[in-house]
Enquirer: 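This is the structure I have questions about; it appears just below.
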Amino acid sequence: MEKRYRPDQVEGKIYQKWEEKGFFTPKIDKKKEPFCIIMPPPNANGSLHIGHALFVAVEDLIIRYQRMRGRAVLWLPGADHAGILTQVVFERELAKKGKTRFDLGREKFFQACFDFTQKNKEKMFSQLRALGASCDWTRAKFTLDKEVTKIVYDTFYHLYQEGLVYRDWRMVSWCPRCATALSDLEVVYKEEKGKLWYIAYPFVDGKGEIVVATTRPETMLGDTAVAVNPQDKRYRRLVGKKLRLPLVNREIPLIADEMVDPQFGTGAVKITPAHDPDDFVVGKRHHLPFIQVIGFDGKMTAAAGEEFADLPVKEAREKVVGALKKQGFLKKVKSYSHRVGHCERCKTTVEPLVSLQWFVKTKPLAKKAVEVVKKGKIKIIPRRFEKTYFRWLENIRDWCISRQLWWGHQLPIWYCGTKGLSELQKIMNPEIVKGQPEGCGKVFVGEKPPSRCPVCGNTRFIRDPDTFDTWFSSGQWPFSTLGFPKGKDYLYFYPTAVMETGYDILFFWVARMIMLGLYRTKKVPFRVVYLHGMVRDVFGQPMSKSRPETCVDPQETVKKYGADALRMALLYGSSAGNDVVVDEKKIEAMRNFANKIWNASRFIYLSCEAERWQIKEGKKSQEDKEILEELSATIAQVTGDIENYRFGQALESFYQFFWHEFCDVYLEKIKNRRQEALPVLLKVLSVSLRLLHPFAPFVSEAIYQLFVAHLKGKFGFEKDYLIVSPWPKEKFAK
RNA sequence: GGCCGCUUAGCUCAGUUGGUUAGAGCGUCCGGUUUACAUCCGGAAGGUCAGAGGUUCGAGUCCUCUAGCGGCCACCA
C-alpha cells in the first residue's frame with residue numbers, strides 16, 4: 001500500500017470494474033423491492049460544473065445506500081436537448097462566425113444543434129463517470145430519442161382529445177431576439193429605472209383634456225381607448241365622450257373599467273389592447289380594436305404610422321416623446337422605477353404581443369398536483385417548499401407550450417392547407433407555405449396527417465412549424481424514460497422513489513412532472529422530492545451554465561483532489577434546501593479525510609501482513625468493547641440520518657467516529673497489542689468502509705479490494721465488491 | 001405588495017422531535033516527526049446562538065414583535 005491515497009491511480013479502474021460487472025444495471029426481480037431515481041437530465045448545451053457534482057453526490061449516495069440495502073436499484077441517466085437554451089447558445093456560436101440560423105436553414109440548423117448536443121452529452125456523461133455516478137448507462141436517454149418523443153406526442157394527443165390543450169390568440173411574452181413566445185416562467189423581471197410620462201389627450205369637442213400616465217409612451221400609437229374607474233368622481237360624467245389621440249388623430253372613447261386604480265397617476269389609463277396584458281383584457285371586455293404597432297421583430301409596424309414604422313422600440317419611444325413635447329401634449333415627466341421582463345435565456349427585453357399559440361389548460365391538472373402533496377402521497381423535502389409549491393399551483397395560469405424555435409420536438413400537428421397557419425408562421429416559414437393549397441385549415445393531431453381532409457377533401461397538409469416548450473417534454477421524463485405504458489421498466493420501477501433536484505426548478509420541472517405524470521399515468525411520478533440548494537462560488541454567485549467563466553470544472557477538481565473529496569466537500573455540513581459554498585479548503589480537508597482512511601487501513605493492512613493474514617479471534621479488552629459500542633452507535637446514527645435525508649449529518653457522524661474515536665483514540669491505544677486487536681480492527685474497518693461507501697465510493701472500494709483479496713468471507717469482507725456488500729446492521733457489535 | 005429563508009467561534013456552515021459544561025471544517029496560538037498518515041498528533045484561545053419580550057422545571061431549538069440581509073412570487077398603467 002502506498003503511503004498516500006492516490007485517487008487518480010484507482011478511480012478510473014474501479015469505475016470500469018463496477019460497470020463491467022454490471023452493478024449499475026439492475027435486474028427486474030419481483031422478489032426484490034424496486035428503487036428508482038430518474039436523474040435530472042443535465043442540459044446538453046455545455047459541460048457540467050460543480051453545481052452538478054452536488055446532485056451526483058446526493059443521488060449517488062442514496063442510490064448506493066439503497067443498493068447496499070438489497071433493493072433492485074435503478075438510477076437512470078440522461079440528457080436534455082434544452083430547446084431554447086441550446087438554440088440561444090448555438091446561435092451565439094454561429095454569430096461568432098457571422099452567421100444566423102437562417103443561413104443554415106431549418107434542417108441543417110437542427111442537425112448542427114443535434115451534433116452539438118451529442119458532443120456535449122458525451123462529455124457530460126464522462127464527467128458523471130469521473131464523479132463516480134453509479135447510474136445505469138445501458139438505459140441512458142436523450143429527450144429527443146424516438147421512443148421518448150413518441151410518448152411526448154401521445155401525451156399531447158390525449159390532452160388534445162380531452163380538450164386540455166387549445167390554440168388561441170392570446171397575449172404572450174415574446175422574445176424579439178429568439179423570435180419566439182415564452183411561458184410566464186421563462187420571463188425574469190428586473191427592476192429598471194424608467195420614467196412616467198404624463199400625456200394630455202384632448203376631447204374631440206375641444207372642451208378640455210384628460211391626462212394619462214404611462215411608462216411606455218411609444219405604445220400610445222396603438223391606443224384605442226382611455227379608461228377611468230367608474231367610481232371616480234373626477235371623470236364619471238365624462239365617460240363615453242371621444243378623445244383625440246395625439247400624433248395619430250384617431251378618435252378614441254373614454255371608457256369606465258374597474259381595473260383602473262384611481263389612486264395611481266392621474267386615475268386615467270391609456271388602453272393599448274395589443275401591447276399590454278391588462279389592456280388586452282380591457283380591450284376584449286369593451287370590444288375595442290386591437291392595433292399592433294410593435295412587430296415581432298421588436299420594431300414599430302406600419303400601423304404605427306409612417307414616421308415611426310421600422311424604428312426599434314427604444315428609438316420610437318424617444319421620437320414619440322419628442323413629438324409630444326413639441327406639440328405640447330407632454331405635461332410632466334417623473335422618474336419611476338418598475339419591473340421589466342426579460343427573456344430568461346438571452347436577457348432581451350420581452351414584448352407582450354398577441355399571437356396564436358398552443359396552451360395547456362393547467363387548472364384541472366394543478367388541482368390534482370396539489371392534492372397528492374396535501375395527502376402526503378408526495379413529500380417535499382425540506383417541507384417549507386410545499387407552501388411555495390401550493391401557492392404557485394393555486395395561482396397557475398395556462399401554459400403556453402408552443403415555441404417558434406427550430407430546436408426541439410416539432411409539434412405533432414397538421415393543418416389542412418396553409419389556412420391553419422398564422423400570418424406570423426407564414427412569414428417566418430415561407431418555404432413550407434410555398435405552392436401549397438389554402439385548404440380549410442382543419443387541425444389534425446398525430447405523428448402523421450390523414451390522407452385526405454374529411455371536411456374539404458384536400459390532400460395536402462402542413463405541419464405546424466413550432467416546437468414544444470422544452471419543459472413539456474422534460475415534464476414527462478419520469479415515465480417517458482421508463483417506457484410508459486407497457487415497458488417492463490415502467491411496470492417495475494414506476495412510481496419512482498425520489499426526485500432529487502434543485503429548488504430553482506420546483507415550478508419549471510417538478511410541478512410539471514407531477515401534473516403531467518398524474519395526468520398520463522394516474523400515479524404519482526415519485527414519492528419524495530428532495531430539493532438541494534444552489535452551489536455558489538466564493539462571491540456567492542450560483543453556478544450556472546449561462547456564466548461558464550465563473551464555473552468550476554468538476555473534472556479538474558477530481559483530478560486534483562479525487563472524486564470522493566469533492567463529493568464529501570459538497571455534502572459535509574450541508575442540508576436540504578440550503579445553498580452550499582464551494583470552498584477549496586473544504587475539498588482539501590475531505591481529501592485529507594480520504595487519506596486518513598487510507599492510512600488507518602494501511603496500518604491495519606501492514607499489521608495483517610505481519611501475521612501473514614492468519615488472524616485469530618482473541619479475547620476482547622475494555623477498549624475493544626468500547627470501540628465496538630461506538631461503532632454500533634455510529635451505524636445507527638448514519639443509517640437514521642440517511643433515511644431522514646440528513647446527509648450532511650450522516651457524514652459528520654462518520655467523520656467524527658472514524659477520525660477521532662477510531663484513529664486518534666483506539667488505534668493509538670492498541671498499538672502495543674495490535675496482533676491481538678486485529679479481529680476488532682478488521683471488523684471496525686469493514687463496517688466503516690460500508691458506512692463510508694455511499695459518501696466516498698472510490699477510496700472505500702479501493703481499500704476493500706485490498707483486504708478482500710486476503711480475507712474473503714471473513715470479518716465482514718463477504719462480497720467480492722464493496723458496492724454490492726450489505727449495509728451494516730446496527731446490532732452488529734452486540 | 002405577498003410569501004419564504006437567513007442572522008450560531010476570525011471565516012464557511014451543521015445543529016431530527018426543546019434536555020446535562022453549544023458543534024465541525026478551515027484559520028490562529030503553544031508543543032510534538034525512528035515506528036499508518038505533517039494530507040499527521042497532543043494541547044489552547046475563541047460564541048450573552050441578531051435584538052426584545054413570552055411559553056416552559058428547562059429554548060440556538062416553540063410563540064410574538066423589531067432590525068439587517070437574501071430569495072421567490074405578483075398584470076398597478
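All chains are named by letter (A, B, ...) in the order of the sequence lines, taking the proteins before the strands, and each is independently numbered beginning at 1.
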Enquirer: Does a donor on one side chain sit under 3.5 Å from an acceptor on the other, for K270(A) and T272(A)?
Expert: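 Yes, because at least one side-chain N or O of K270(A) sits under 3.5 Å from a partner of the opposite role on T272(A).
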
Enquirer: Would you classify G648(A) as touching base, sugar-phosphate or nothing, given that sugar-phosphate means primed atoms plus P, OP1 and OP2, and contacts are heavy atoms under 4.0 Å?
Expert: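 Result for G648(A) = nothing.
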
Enquirer: Could you check whether K387(A) gets within reach of a base, just the sugar-phosphate, or nothing at all, counting any heavy atom under 4.0 Å?
Expert: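 K387(A): backbone/sugar contact only, no base atoms under 4.0 Å.
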
Enquirer: For the side chain of V269(A), counting heavy atoms from C-beta on, which of A36(B), A77(B), A24(B) is nearest?
Expert: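 Nearest listed nucleotide: A77(B).
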
Enquirer: Classify V260(A) by what it touches in the nucleic acid, base, sugar-phosphate, or nothing, heavy-atom distance under 4.0 Å.
Expert: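 The answer is base, as V260(A) lies within the cut-off (heavy atoms under 4.0 Å) of a base atom.
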
Enquirer: Which part of the nucleic acid, if any, lies within reach of E668(A) when heavy atoms closer than 4.0 Å are counted: base, sugar-phosphate only, or nothing?
Expert: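 Contact class for E668(A): base.
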
Enquirer: Mind checking if Y503(A) touches a base, just sugar-phosphate, or nothing, with heavy atoms under 4.0 Å?
Expert: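 No contact.
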
Enquirer: Kindly indicate whether the side chain of I627(A), heavy atoms from C-beta on, has any atom under 4.5 Å from the side chain of F657(A).
Expert: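 Yes; the side chains approach each other to less than 4.5 Å.
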
Enquirer: For L571(A) and C13(B), give me the distance from atom CG to atom P, rounded to whole Å.
Expert: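 Going from L571(A) (CG) to C13(B) (P), I get 16 Å.
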
Enquirer: Which nucleotide wins on minimum distance to the side chain of Q656(A), given the candidates C75(B), A24(B), A36(B)?
Expert: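 Closest nucleotide to the Q656(A) side chain: A24(B).
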
Enquirer: Under 4.0 Å, heavy atoms only, any strand: does R674(A) hit a base, just the sugar-phosphate, or nothing?
Expert: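 If one applies the 4.0 Å heavy-atom cut-off, R674(A) turns out to touch the sugar-phosphate alone, with no base involved.
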
Enquirer: Which is true for Y336(A) with a 4.0 Å heavy-atom rule: it touches a base, it touches only sugar-phosphate, or it touches nothing?
Expert: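 Sugar-phosphate, backbone atoms only, no base.
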
Enquirer: Considering every strand and a 4.0 Å limit on heavy-atom distances, what is the contact class for K585(A): base, sugar-phosphate, or nothing?
Expert: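 Sugar-phosphate, backbone atoms only, no base.
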
Enquirer: Phosphate oxygens OP1/OP2 of A14(B): is one of them under 4.0 Å from a side-chain N or O of N578(A)?
Expert: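 Answer is yes, contact under 4.0 Å.
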
Enquirer: Would you indicate which nucleotide in A36(B), U39(B), A77(B) comes nearest to any side-chain atom of N592(A)?
Expert: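 So the side chain of N592(A) is nearest to U39(B).
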
Enquirer: Pick base, sugar-phosphate or nothing for A213(A), based on heavy-atom distances below 4.0 Å to the nucleic acid.
Expert: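 Counting heavy atoms under 4.0 Å across all strands, the contact made by A213(A) includes a base.
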
Enquirer: Just checking, is any N or O donor in the side chain of Y235(A) or N229(A) under 3.5 Å from an acceptor N or O on the other one?
Expert: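 The answer is no; no qualifying pair exists.
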
Enquirer: F280(A) and F290(A): aromatic ring centres closer than 6.0 Å?
Expert: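 Yes: the rings meet the under 6.0 Å criterion.
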
Enquirer: Please list, chain by chain and in numerical order, all residues satisfying side chain to side chain contact (heavy atoms under 4.5 Å, CB included) with Q9(A), sequence neighbours excluded.
Expert: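 Q9(A): side chain to side chain contact (heavy atoms under 4.5 Å, CB included) contacts with E2(A), R6(A).
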
Enquirer: In this structure, how many angstroms lie between the P atom of C72(B) and the CH2 atom of W392(A), rounded?
Expert: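 Between P of C72(B) and CH2 of W392(A): 15 Å.
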
Enquirer: Taking N and O atoms by type only, does the side chain of K3(A) place a donor or acceptor under 3.5 Å from a partner on the base of C37(B)?
Expert: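 Side chain to base: no pair below 3.5 Å.
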
Enquirer: Reading RNA chain B 5' to 3', what string of ( ), [ ], | and . shows its pairs, if Watson-Crick and G-U wobble pairs count only when both distances fall under 3.5 Å?
Expert: (((((((..((((.....[...)))).(((((.......))))).....(((((..]....))))))))))))....

Enquirer: Determine the contact category for D504(A): base if any of its heavy atoms lies under 4.0 Å from a base atom, sugar-phosphate if only primed atoms, P, OP1 or OP2 are that close, otherwise nothing.
Expert: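 The residue D504(A) makes no contact with any strand.
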
Enquirer: Check side chain to side chain contact (heavy atoms under 4.5 Å, CB included) between A696(A) and all other residues, then give those that pass, not counting sequence neighbours.
Expert: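 Only D564(A), M568(A), L692(A), V699(A) meet the side chain to side chain contact (heavy atoms under 4.5 Å, CB included) criterion with A696(A).
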
Enquirer: So which nucleotide from A14(B), C3(B), A36(B) ends up closest to the side chain of R391(A)?
Expert: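 Ranking A14(B), C3(B), A36(B) by closest atom to the R391(A) side chain puts C3(B) first.
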
Enquirer: When rounded to the nearest 0.5 angstrom, what distance separates OG in S601(A) from CG in L706(A)?
Expert: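 Reported to 0.5 Å precision, the distance equals 8.5 Å.
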
